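Quick note: numbers below take in every heavy atom, side chains included, and nothing from hydrogens, waters or symmetry partners. Ligands are counted one by one from 1 in listed order, and the atoms in each one are counted from 1 as well. This structure is a prediction, so every number in the text was calculated from the model and none was measured.
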Amino acid sequence: MEIAKLEPLVVLTGAGISAESGVPTFRAAEGLWRNYRAEELATPIAFHRDPHLVWEFYAWRRELIAACIPNQAHMFLTEIEKQISDFTLITQNVDGLHAAAGSRNIIEIHGSIWRMLCTSCGNRWDDRNIPLEKFPPLCPGCGEIARPDVVWFGETLDAYVIDRAFETVQRAHAILVIGTSGIVYPAAELPRIGKMHGAKLFEINTEETPISGIADQVYRSKATVGLQDWWADQQIK
Ligand code: NAD
Ligand code: ZN
């Protein structure tokens with residue numbers, strides 16, 4: 001069997017792809033922590049006001065995510081990557097599950113919950129300790145307080161990273177969007193820009209999103225099921 005012309009293929013994933021691994025999406029009820037919405041804690045203002053509170057939230061999320069493993073959708077993407085030579089995975093997720101599954105060409109546009117960033121000297125380092133060794137974590141270089149190296153609501157994305165993401169979608173032949181609400185910018189712009197540049201756009205999501213209306217084909221299903229169906233549809237018999 002042959003595969004339909006998909007290259008260059010870009011897959012854009014959001015919290016929905018990790019939902020079946022047990023990682024709550026931000027908009028799901030179980031994504032709430034002590035009745036705070038993520039938008040109230042995952043912000044520079046919240047961190048400035050109360051770094052302990054924000055770190056408690058992240059310590060909870062790190063523990064929760066550490067207990068999760070990649071699901072069939074994460075795994076299936078690694079198989080697709082083996083068959084498509086020009087393949088880029090752009091993820092909004094900070095959980096590290098794509099890397100854990102074995103995906104290789106990943107652009108983590110919102111950073112990683114497993115990386116620290118010093119608020120003073122800008123030092124970055126990996127930290128997978130559960131529980132955290134120090135609370136709140138401190139920079140090993142200068143001793144100042146660290147933050148999670150993730151992009152918070154109200155922050156701009158790393159210019160180099162987002163430029164790479166835009167370049168990639170602009171030359172894509174096909175874009176597959178999985179489990180993203182399509183309302184967090186500038187990530188939400190990526191499928192639209194790709195489509196404007198001629199890419200065929202596919203969406204897998206359990207719910208309707210702003211991307212659904214511009215997609216060439218929508219799979220209204222869970223990521224694991226939708227991805228298998230999409231791949232089967234790309235086989236030329
Ligand atoms: P979101 O929470 O706003 O939306 C999740 C989307 O996934 C929704 O559209 C929902 O309908 C869909 N969905 C839920 N379960 C699904 C399933 N099983 N299969 C397919 N689709 C499913 O997430 P977002 O759009 O990624 O934006 C939220 C921001 O929060 C992101 O920037 C991300 O960095 C961050 N976030 C990350 C994680 C993570 O790393 N796993 C989790 C929550 C939020
Ligand atoms: Zn420092």
Side-chain angles (χ1 to χ4, degrees), residues 11-33 37-39 41-43 57-58 60-62 64-66 68-74 76 90-101 106-125 137-155 157 161-162 165 176-191 202-212 218-230:
V11 179
L12 172 67
T13 64
I17 197 168
S18 295
E20 291 168 84
S21 291
V23 183
T25 64
F26 271 178
R27 274 152 253 279
E30 65 274 22
L32 294 179
W33 174 77
R37 283 179 299 114
E39 292 92 333
L41 295 169
T43 76
F57 168 63
Y58 277 98
W60 170 75
R61 279 200 68 88
R62 283 166 60 104
L64 188 157
I65 292 170
C68 297
I69 54 168
N71 63 48
Q72 279 172 34
H74 296 106
F76 204 70
I90 303 176
T91 188
Q92 297 171 83
N93 294 346
V94 298
D95 55 31
L97 289 178
H98 284 302
I106 314 173
I107 309 179
E108 287 180 321
I109 56 174
H110 290 166
S112 168
I113 202 166
W114 304 115
R115 210 164 49 231
M116 301 285 186
L117 168 64
C118 174
T119 56
S120 178
C121 72
N123 187 15
R124 285 185 159 89
W125 67 98
L138 303 175
C139 172
C142 74
E144 289 300 320
I145 188 165
R147 55 168 280 181
D149 191 12
V150 299
V151 179
W152 281 331
F153 293 101
E155 289 186 316
L157 276 67
V161 170
I162 195 67
L176 173 62
V177 184
I178 310 176
T180 170
S181 57
I183 54 174
V184 177
Y185 280 82
E189 208 76 84
L190 292 166
F202 303 92
E203 180 187 53
I204 302 171
N205 198 307
T206 45
E207 286 173 26
E208 175 148 7
T209 76
I211 297 158
S212 310
V218 175
Y219 294 79
R220 190 63 69 227
S221 43
K222 290 185 171 182
T224 49
V225 176
L227 190 52
Q228 278 184 0
D229 291 348
W230 173 78

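Set against the non-hydrogen atoms of Glu207, the atoms of ligand 1 under 4.0 Å away are 11 (O). Under a 4.0 Å criterion applied to the non-hydrogen atoms of Ala223, ligand 1 contributes the atoms 17 (C), 19 (N), 20 (C). Contact atoms of ligand 1 toward Gly179: 5 (C), 6 (C), 7 (O), 21 (N) (distance under 4.0 Å to a heavy atom of the residue). The contact set between ligand 1 and Gly14, taken as ligand atoms under 4.0 Å from a residue heavy atom, comprises 26 (O).
Aromatic ring orientation, Phe153 versus Phe26: tilted (interplanar angle from 30° to 60°).
Of the protein's non-hydrogen atoms, the one nearest atom 10 (C) of ligand 1 is Asn205 OD1, 3.5 Å. Nearest non-hydrogen protein atom to atom 38 (C) of ligand 1 is Arg61 NH2, 3.8 Å. Scanning all protein heavy atoms for the shortest distance to atom 3 (O) of ligand 1 gives Arg27 NE, 2.5 Å. Regarding atom 23 (O) of ligand 1, its nearest protein heavy-atom neighbour is Ala15 CB, 3.3 Å. Among protein heavy atoms, the minimum distance from atom 18 (N) of ligand 1 is reached at Glu20 OE2, 3.4 Å. In terms of protein heavy-atom proximity, atom 40 (O) of ligand 1 is nearest to Val94 N, 2.8 Å. Of all protein heavy atoms, the one lying nearest to atom 16 (C) of ligand 1 is Gly16 O, 3.5 Å. With respect to atom 31 (C) of ligand 1, the closest heavy atom belonging to the protein is His110 ND1, 3.6 Å.
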Test log, rule side chain to side chain contact (heavy atoms under 4.5 Å, CB included), inputs Leu157 and His110: CA-CA 7 Å; Leu157 276 67; His110 290 166; 4.1 Å; yes
Working for side-chain hydrogen bond (donor to acceptor under 3.5 Å, both in side chains), residues His74 and Ser18: CA-CA 8 Å; His74 296 106; Ser18 295; 3.3 Å; yes
Side chain to side chain contact (heavy atoms under 4.5 Å, CB included) assessment of Val11 paired with Ile178: CA-CA 7 Å; Val11 179; Ile178 310 176; 3.8 Å; yes
Intermediate values then yes/no, side chain to side chain contact (heavy atoms under 4.5 Å, CB included), Leu227 and Ile204: CA-CA 7 Å; Leu227 190 52; Ile204 302 171; 4.2 Å; yes
Cys68/Asp95 under side chain to side chain contact (heavy atoms under 4.5 Å, CB included): CA gap, chis, key distance, verdict: CA-CA 9 Å; Cys68 297; Asp95 55 31; over 6 Å; no
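Residue Val184 touches ligand 1 through its side chain alone, judged by heavy-atom distances below 4.0 Å. Contact annotation: for Pro24 versus ligand 1, heavy atoms closer than 4.0 Å belong to the backbone alone. Only side-chain heavy atoms of Val23 come within less than 4.0 Å of ligand 1; its backbone N, CA, C and O stay farther off. Here Ala19 has side-chain heavy atoms under 4.0 Å from ligand 1, and that is the only part of it that gets that close.
Here the closest non-hydrogen pair linking Ala187 and Leu12 is O-CD2, 4.1 Å.
Inter-residue side-chain proximity for Val94 and Arg115 is flagged as unmet; no heavy-atom pair is nearer than 4.5 Å. Using a 4.5 Å heavy-atom cutoff, the side chains of Leu97 and Pro70 are in contact. Cys118 is listed as a side-chain neighbour of Cys142, based on a closest heavy-atom distance under 4.5 Å.
Put simply, the side chain of Asn205 never gets that close to the backbone of Ser181: no donor and acceptor are under 3.5 Å apart. Ser21 places a side-chain N or O within 3.5 Å of a backbone atom of Ile69 that can act as its donor or acceptor partner. Put simply, the side chain of Glu20 gets close to the backbone of Thr224: a donor and an acceptor are under 3.5 Å apart. Looking at Arg147, its side chain never comes within 3.5 Å of a backbone N or O of Met116 through a donor-acceptor pair. Distance alone, capped at 3.5 Å, is enough to place a donor-acceptor pair between the Glu155 side chain and the Trp152 backbone.
Looking at ligand 1, you'll find an N or O of Gln92 within less than 3.5 Å of one of its N or O atoms. Some N or O of Asp95 is nearer than 3.5 Å to an N or O of ligand 1, by distance alone. Note: no N/O pair closer than 3.5 Å links Phe153 and ligand 1 by distance alone.
Excluding waters, the set of protein N/O/S atoms under 2.8 Å from the Zn ion (ligand 2) reads Cys118 SG, Cys121 SG, Cys139 SG, Cys142 SG.
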